[in-house]
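Heads up, the thing below is written out as structure tokens.
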Number of protein chains: 2
Amino acid sequence: MRLTRAGEYGIRCVLHLARHGRGTLVSRKEIAARTDVPPHFLAKIAQQLAKAGIIEIMQGANGGYRLLTDPSEISLLAVIEAIIGGISLNDCVGRPESCHNSALCTVHRVWNKANQQLRATLQETNFATLAAEEACCLTPFPEAGGHNPLQRKKMI
Amino acid sequence: MRLTRAGEYGIRCVLHLARHGRGTLVSRKEIAARTDVPPHFLAKIAQQLAKAGIIEIMQGANGGYRLLTDPSEISLLAVIEAIIGGISLNDCVGRPESCHNSALCTVHRVWNKANQQLRATLQETNFATLAAEEACCLTPFPEAGGHNPLQRKKMI
DNA sequence: TCGATATAAGACTAAATATATCTTATATAT
DNA sequence: ATATATAAGATATATTTAGTCTTATATCGA
């Protein structure tokens, strides 16, 4: 598993929406500006979030995005997996058939355990909790200034 | 974090050496053949393992690699981090300075926790344990035939 | 000491993936 | 209708991963 920039952006997007609460429509333009995500890139990410049932996309004038459910019901895991796909730390976790006998393999078992733990931790965290506190990747809610151009490099 | 092919190969290499036990010299050629790793690629990986103090490299005729310590003292984590560097699931975990206030950031705290858990799980596992049982990525120890060309694709 | 054999080290290439951006189409409010 | 906003997919660029190749160095044994 690797949190790509797209994954990070997805978290920011949902976090920003969570601060406005469920159902509030926010334009892509605003979200992009406030989360420092390229607007066109955000569009693609939003489409994945929509496909996963996390947000709803409204087209046309005054369009934008809104959360479909309460932030408390949206887990960090759900958002991440909506963007980067199912988390699997090693190939054999996601595709057991990639090894000839993963059922018996000790290495495989360790990866499986680690993978489960990771997913559990990310699932425990919901966006109501996240939105309630300060986050380093967004400007403080709701209006205070101070843009935060994130430093890019080495995402690993 | 992402287990790259190089990381996977590193695990196989150490696992194969672990089955021979500490101090036994095994040629790169044999290791490469038995673990299905390209020999030149294995050379690079071995150099990283050597730099990390896990193996010793013997040059010259009848050269090869050997474990410097007992397999029980080599953790999965040590091998992985020797190859792919320190594990950090998100940029802000490895480089807190990449965000303006990671100390206060809830998102950051979640990643930190997940990261610690993952490292702990990988650290708990040592190569004596791994070598004792069947592994899907190696031919059964010590001589039985049956090569296992692993299927490549989608490492994520 | 010389030659055969083995790895070292780093340059180089190729492929895959991530990160955008651009263009044309579609939907909606006024 | 028109202006505005997103959809969808093609395209481009950059980065990372994976693998190969070449030259150098070390060691064994005749």
Side-chain angles (χ1 to χ4, degrees), chain A residues 1-13 17 24-33 35-52 55-66 80 82-85 88 90-91 94 149-156, chain B residues 1-13 17 25-33 35-52 55-66 80 83-85 88 90-91 94 149-156:
Chain A
M1 125 84 176
R2 171 182 174 196
L3 185 68
T4 60
R5 190 111 66 192
E8 164 74 20
Y9 289 167
I11 294 171
R12 289 191 208 173
C13 173
L17 287 171
T24 303
L25 193 67
V26 185
S27 74
R28 184 183 71 178
K29 191 177 166 187
E30 180 194 320
I31 300 173
T35 59
D36 195 37
V37 174
H40 281 93
F41 202 6
L42 180 57
K44 289 177 96 170
I45 291 164
Q47 283 156 33
Q48 292 177 277
L49 292 172
K51 208 164 283 178
I55 68 171
E56 184 184 22
I57 298 176
M58 306 302 287
Q59 279 199 36
N62 307 329
Y65 308 143
R66 68 158 58 109
I80 290 169
I83 308 294
I84 69 173
S88 64
N90 193 351
D91 197 33
L150 95 157
Q151 294 156 33
R152 314 217 149 135
K153 215 180 176 195
K154 277 230 154 195
M155 188 51 112
I156 213 184
Chain B
M1 126 85 176
R2 171 182 173 194
L3 186 69
T4 59
R5 190 109 67 192
E8 164 74 21
Y9 289 166
I11 294 171
R12 290 190 208 173
C13 173
L17 288 171
L25 193 66
V26 185
S27 75
R28 184 183 70 177
K29 192 177 165 187
E30 180 193 321
I31 300 172
T35 60
D36 194 38
V37 175
H40 282 93
F41 201 6
L42 179 56
K44 291 176 92 171
I45 291 164
Q47 283 157 33
Q48 293 177 276
L49 292 173
K51 208 164 284 178
I55 68 170
E56 184 184 23
I57 298 176
M58 306 302 288
Q59 278 199 35
N62 307 330
Y65 309 144
R66 68 158 59 107
I80 290 169
I83 308 294
I84 68 172
S88 63
N90 192 352
D91 196 35
L150 95 157
Q151 294 156 32
R152 313 217 151 137
K153 215 180 176 195
K154 276 229 156 195
M155 190 51 113
I156 215 185

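Values below: all heavy atoms of this structure, side chains included; hydrogens, waters and symmetry mates excluded. Here is the naming used below: chain letters follow the sequence lines, and residue numbers restart at 1 for every chain.
Note: CD (B:E56) to C1' (C:dA6) measures 15 Å, nearest angstrom. Note: CD1 (A:I31) to C1' (D:dT6) measures 12 Å, nearest angstrom. Atom pair A:I55:CD1 and D:dT6:P shows a separation of 11 Å (rounding to whole Å applied). When the P atom of D:dT17 is taken as reference, atom CG of B:L42 falls 19 Å away, rounded to whole Å. Atom CZ of B:R66 and atom P of C:dT7 are 13 Å apart (whole Å). Rounded to whole Å, atom P of D:dG19 lies 9 Å from atom CD1 of B:I45. Between the P atom of C:dA8 and the CD atom of B:Q48 lies a distance of 12 Å, rounded to the nearest Å. Here D:dT17 presents its C1' atom at 15 Å from CD of B:E8, a figure rounded to the nearest Å.
The heavy-atom pair separating A:A82 from A:A52 by the smallest distance is CB-CB, 3.6 Å. Annotation for B:L3 and B:I80: closest pair CD1-CG1, 4.2 Å, computed over non-hydrogen atoms.
The phosphate of C:dT17 (OP1 or OP2) has no side-chain N or O of A:T4 nearer than 4.0 angstrom. Considering only side-chain N and O atoms, B:Y9 lies under 4.0 angstrom from the phosphate OP1 or OP2 of D:dG19. Regarding contacts with the backbone of C:dA6, every side-chain N or O of B:R28 stays at 4.0 angstrom or more from both OP1 and OP2.
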Quick test: give all pairs of protein nitrogen or oxygen and nucleotides 27-30 of chain D nitrogen or oxygen below 3.5 Å, distance rounded to 0.1 Å.
| from | atom 1 | to | atom 2 | distance (Å) |
| --- | --- | --- | --- | --- |
| D:dT27 | O2 | B:A61 | N | 3.2 |

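Between A:Y65 and A:L42 there is a side-chain heavy-atom pair separated by less than 4.5 Å. The shortest distance between side-chain heavy atoms of A:R28 and A:I57 does not fall below 4.5 Å. Contact of the A:V37 side chain with the A:C13 side chain is not registered, since no non-hydrogen atoms from C-beta on lie closer than 4.5 Å. Residues A:L17 and A:T24 form no side-chain contact, since every pair of their non-hydrogen atoms from C-beta on lies 4.5 Å or further apart.
Along DNA chain D, the nucleotide nearest B:F41 and the nucleotide nearest A:S27 are compared for position; the residue whose nucleotide lies closer to the 5' end is A:S27. Each of B:K44 and A:H40 lies near DNA chain C, and the nucleotide nearest B:K44 is the one positioned closer to the 5' end.
A:Q48 contributes a side-chain N or O that, together with a main-chain N or O of A:I83, makes up a donor-acceptor pair within less than 3.5 Å.
B:A46 comes within 4.0 angstrom of no nucleic acid atom, judged by non-hydrogen atoms across all strands.
Side-chain atoms of A:R5 lie closest to C:dT19 of the nucleotides C:dA9, C:dT21, C:dT19.
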